[in-house]
Amino acid sequence: MAYTKEDIIRMVKEEDIEFIRLQFTDIFGQLKNVAITAYQIEKAVNNQIMFDGSSIEGFTRIHESDQYLYPDLDSFVVFPWRPQHGKVARLICDVYNPDGTPFVGDPRGVLKRVLKRAADMGYEAFNVGPEAEFFLFQTDEEGKPTTKTNDEAGYFDLGPLDHGEGTRREICLALEQMGYEIEASHHEVAEGQHEIDFKYADALKAADNIMTFKLAVKTLAQKNGLHATFMPKPIYGINGSGMHTNMSLFKHGKNVFYDPDGEKGLSKEAYAFIAGLLHHVKGMAAVTNPLVNSYKRLVPGYEAPCYLAWSASNRSALIRIPASRGQSTRVELRSPDPSCNPYLAFAVCLAAGLDGIEKGMTPPPEITENIFAMDQATREANGIESLPGSLEEALHALQKDQLILDTLGEHVAENFIHGKEKEWDEYRTRVSSWEREKYIINY
């Protein structure tokens, strides 16, 4: 929908909307919002609502704290799960400085900058279709999350086994009311694990959609006495949650990854894009997999890719090319997980792919065998490297990758790395229950 300021002011009045949440995302992917009442809507659509940026981690320092929210009018939507009297709506915002320039620490701005680069290269659209998995857990008497699922269902299972099914259906209906086109919704491999896939969109809208999706999932689960989590690996010994990211580039309305005469129906640009991703994927890992816990998912044996390879058929590869061709040709990066900041994740993916195209990179040969079944010597013989094994390793790789640092921009890169180093340090020095169980009696 393309809304004008007048449309928004009118809808707020006509629809009896009482509160409007002005939403934005911090660099660690946390959704923030400034709630205003209906009578302030005119101020909001004229970019006059300010907030204190120093209270947001990684944004600004105390003495330069005033920042302004510029709403994206097309993102206006009413929350279907709120009461029908005194409704609540939201607008997704860009963050600006008092002098009217975009704030360099705004993740949405980071993505917009890379999209501008793509446009300068002649690509009018970068489409992204994310597949975000999540777990639904029961809560205890105090409403705190447990890791119990009360669920014996498996992949695509239906019916009495899948206790999260009702909640999943409710989430799908709510999202549809908010204008999402749901393509699929099913139970995933692990107990209590679910996936809802919505139609691809241009990268900025897709990132906005993910932030709204996470909010809807968490809110509706809570309403039903469940806890939804996008933590990558909540339970030892079973599959973690990924966010496979399907990408395609368009020029003059045509998908540039498709070439009917190319090998496997793929164009030179597609191969260069794949090569760019593989070249930068270690440097991107701290962004696409930003938690200490992310690296517990990226281990052999649980379907998550941890080896650098691409394939048109093989699901153990990091990059897969799904079967459909023509306008639907796409490159699927399987390493990101749903704890990532989608604005930053899509920005680094696009930047890496464009770098491959600009430099005319060629990817290594396709790997069709199951990489998990190979031993280390075979992987080495095939030149197959691994993703970083920990957040610490990922941060080192990020600090060495100038393209990814430049894509994030100095402000975001510096604050992101600083925040994540603190997180790693806290983890490294904390004593875990595993250590106590393992050592307290024997030693």
Peer 1: Parallel, tilted or perpendicular, judged at 30° and 60°: which one describes the rings of Tyr180 and Phe198?
Peer 2: perpendicular
Peer 1: Tell me the closest heavy-atom pair linking Trp81 and Ala174, and the distance in Å.
Peer 2: CE3-CB, 4.3 Å
Peer 1: Looking only at heavy atoms, what is the nearest atom pair of Pro71 and Cys93, with distance?
Peer 2: CA-SG, 3.7 Å
Peer 1: Got a donor-acceptor contact below 3.5 angstrom from the Glu421 side chain to the Glu392 backbone?
Peer 2: no
Peer 1: Which is it for Leu115 and Leu204 under the side chain to side chain contact (heavy atoms under 4.5 Å, CB included) test, yes or no, and what are the steps along the way?
Peer 2: CA-CA 9 Å; Leu115 289 168; Leu204 192 66; 4.2 Å; yes
Peer 1: State the OG-CZ distance between Ser339 and Arg297, to the nearest 0.5 angstrom.
Peer 2: 9.0 Å
Peer 1: Using 30° and 60° as the class boundaries, would you call the ring planes of Phe135 and Phe137 parallel, tilted or perpendicular?
Peer 2: parallel
Peer 1: Could you check whether any side-chain N or O of Lys218 sits under 3.5 Å from a backbone N or O of Ala228, counting only pairs where one atom can act as donor and the other as acceptor?
Peer 2: yes
Peer 1: Would you mind reporting whether Lys264 and Ile321 have side-chain heavy atoms less than 4.5 Å apart?
Peer 2: no
Peer 1: Between the side chain of Thr407 and the main-chain N/O of Leu403, is any donor-acceptor distance below 3.5 Å?
Peer 2: yes
Peer 1: Do Ser324 and Arg330 pass the side-chain hydrogen bond (donor to acceptor under 3.5 Å, both in side chains) test, and can you show the C-alpha distance, the side-chain angles, and the key distance before you say yes or no?
Peer 2: CA-CA 8 Å; Ser324 45; Arg330 57 194 191 274; 3.0 Å; yes
Peer 1: Short question: side chain of Asp7, backbone of Thr4 - any donor-acceptor pair under 3.5 Å?
Peer 2: yes
Peer 1: Report yes if some heavy atom in the side chain of Met247 is under 4.5 Å from a heavy atom in the side chain of Leu333; otherwise report no.
Peer 2: yes
Peer 1: For Thr329 and Ser248, work out which heavy atoms get closest and say how close.
Peer 2: O-CB, 3.5 Å
Peer 1: Starting at CD1 of Ile417, measure out to CG of Leu405 and round the result to the nearest 0.5 Å.
Peer 2: 5.5 Å
Peer 1: Does any non-hydrogen side-chain atom of Leu249 lie less than 4.5 Å from one of Leu354?
Peer 2: yes
Peer 1: Backbone N or O of Asn255 within a donor-acceptor pair of the Gln327 side chain at under 3.5 Å?
Peer 2: yes
Peer 1: Can you name the one residue among Asp202, Val114, Val128 that meets side-chain contact (heavy atoms from CB on, under 4.5 Å) with Phe346?
Peer 2: Val128
Peer 1: Say you draw a straight line from CZ of Phe79 to OG1 of Thr212; how long is it, rounded to the nearest 0.5 Å?
Peer 2: 7.0 Å
Peer 1: Above 12 or not: heavy atoms from other molecules or residues under 6.0 Å from CD of Glu410?
Peer 2: no
Peer 1: Start with the C-alpha gap between Tyr39 and Val12, add the side-chain angles, then the distance that decides, and say whether side chain to side chain contact (heavy atoms under 4.5 Å, CB included) holds.
Peer 2: CA-CA 9 Å; Tyr39 80 90; Val12 167; over 6 Å; no
Peer 1: Quick one: are Lys420 and Pro290 in side-chain contact, heavy atoms under 4.5 Å?
Peer 2: yes
Peer 1: Side-chain contact, heavy-atom cut-off 4.5 Å: Val95 with Phe51?
Peer 2: yes
Peer 1: How close do Phe28 and Asn415 get, counting heavy atoms only, and between which atoms?
Peer 2: CZ-O, 3.7 Å
Peer 1: Please report the shortest heavy-atom distance between Ala132 and Phe213, naming the atom on each side.
Peer 2: CB-CE2, 3.8 Å
Peer 1: Do other residues, nucleotides or ligands put more than 12 heavy atoms under 6.0 Å from the NZ atom of Lys251?
Peer 2: yes
Peer 1: Salt bridge (Lys or Arg N to Asp or Glu O under 4.0 Å), that's the test. Do Glu15 and Lys87 meet it? Break it down for me.
Peer 2: CA-CA 8 Å; Glu15 297 220 20; Lys87 293 177 189 165; 3.4 Å; yes
Peer 1: Dump the intermediate steps for salt bridge (Lys or Arg N to Asp or Glu O under 4.0 Å) on Lys5 and Glu42, then the final yes or no.
Peer 2: CA-CA 8 Å; Lys5 292 179 190 180; Glu42 245 170 277; over 6 Å; no
Peer 1: Distance check, rounded to the nearest 0.5 Å: Leu387 atom CG versus Ser294 atom OG?
Peer 2: 11.5 Å
Peer 1: Please confirm whether Lys32 makes a cation-pi placement over Phe24, using NZ or CZ under 6.0 Å from the six-membered ring centre and within 45° of the ring normal.
Peer 2: no
Peer 1: Run the side chain to side chain contact (heavy atoms under 4.5 Å, CB included) check on Glu133 and His194 step by step: do they pass?
Peer 2: CA-CA 6 Å; Glu133 298 168 341; His194 302 267; over 6 Å; no
Peer 1: Can you pull the salt bridge (Lys or Arg N to Asp or Glu O under 4.0 Å) pairs that have at least one residue in residues 424-433, sequence neighbours excluded?
Peer 2: Asp425-Arg428, Glu426-Arg430
Peer 1: Under 3.5 Å, is there a donor-acceptor pair linking the side chains of His279 and Asp355?
Peer 2: no
Peer 1: Can you tell whether the side chains of Arg168 and Glu170 come within less than 4.0 Å, N to carboxylate O?
Peer 2: no
Peer 1: Is there a side-chain contact between Met50 and Leu69 in this structure, where contact means two heavy atoms from C-beta onward sitting under 4.5 Å apart?
Peer 2: no
Peer 1: So, for Thr147 and Ile235, which heavy atoms are closest and what is the spacing to 0.1 Å?
Peer 2: O-CD1, 3.9 Å
Peer 1: Got a donor-acceptor contact below 3.5 angstrom from the Ser75 side chain to the Ile92 backbone?
Peer 2: yes
Peer 1: Backbone N or O of Ser335 within a donor-acceptor pair of the Asn289 side chain at under 3.5 Å?
Peer 2: yes
Peer 1: Please check if any side-chain donor atom of Gln193 sits under 3.5 Å from a side-chain acceptor atom of Ser241, or the reverse.
Peer 2: yes
Peer 1: Could you please spell out the steps behind the side chain to side chain contact (heavy atoms under 4.5 Å, CB included) verdict for Leu91 and Gln23?
Peer 2: CA-CA 6 Å; Leu91 282 161; Gln23 295 181 332; over 6 Å; no
Peer 1: CG/Asp52 to CG/Asp66 distance, rounded to the nearest 0.5 angstrom?
Peer 2: 7.0 Å
Peer 1: Side-chain contact, heavy-atom cut-off 4.5 Å: Thr139 with Thr146?
Peer 2: no
Peer 1: Which of parallel (below 30°), tilted (30 to 60°) and perpendicular (above 60°) describes Tyr96 and Tyr70?
Peer 2: parallel
Peer 1: With distance as the sole test, does Lys233 use its side chain to make a donor-acceptor pair with the main-chain N or O of Ile238 at under 3.5 Å?
Peer 2: yes
Peer 1: Tell me if the CD atom of Gln222 is crowded by more than 12 foreign heavy atoms within 6.0 Å.
Peer 2: no
Peer 1: Among pairs that include at least one residue of residues 104-113, which meet salt bridge (Lys or Arg N to Asp or Glu O under 4.0 Å), considering only residues two or more places apart or in two chains?
Peer 2: Asp72-Arg108, Asp94-Arg108, Asp94-Lys112, Arg108-Asp208
Peer 1: Within the structure provided, determine whether Val88 and Val78 are in side-chain contact (heavy-atom separation under 4.5 Å).
Peer 2: no
Peer 1: Using modelled atom types only, decide if a donor and an acceptor are shared between the side chain of Asn97 and the backbone of Gly100 within a distance under 3.5 Å.
Peer 2: no
Peer 1: Would you check if the side chain of Gln40 reaches a backbone N or O of Ile36 as a donor-acceptor pair within less than 3.5 Å?
Peer 2: no
Peer 1: Roughly how far, to the nearest 0.5 Å, is the CD atom of Gln67 from the CZ atom of Phe103?
Peer 2: 4.5 Å
Peer 1: When you look at CZ of Phe250, are more than 12 heavy atoms from neighbouring residues, nucleotides or ligands closer to it than 6.0 Å?
Peer 2: yes
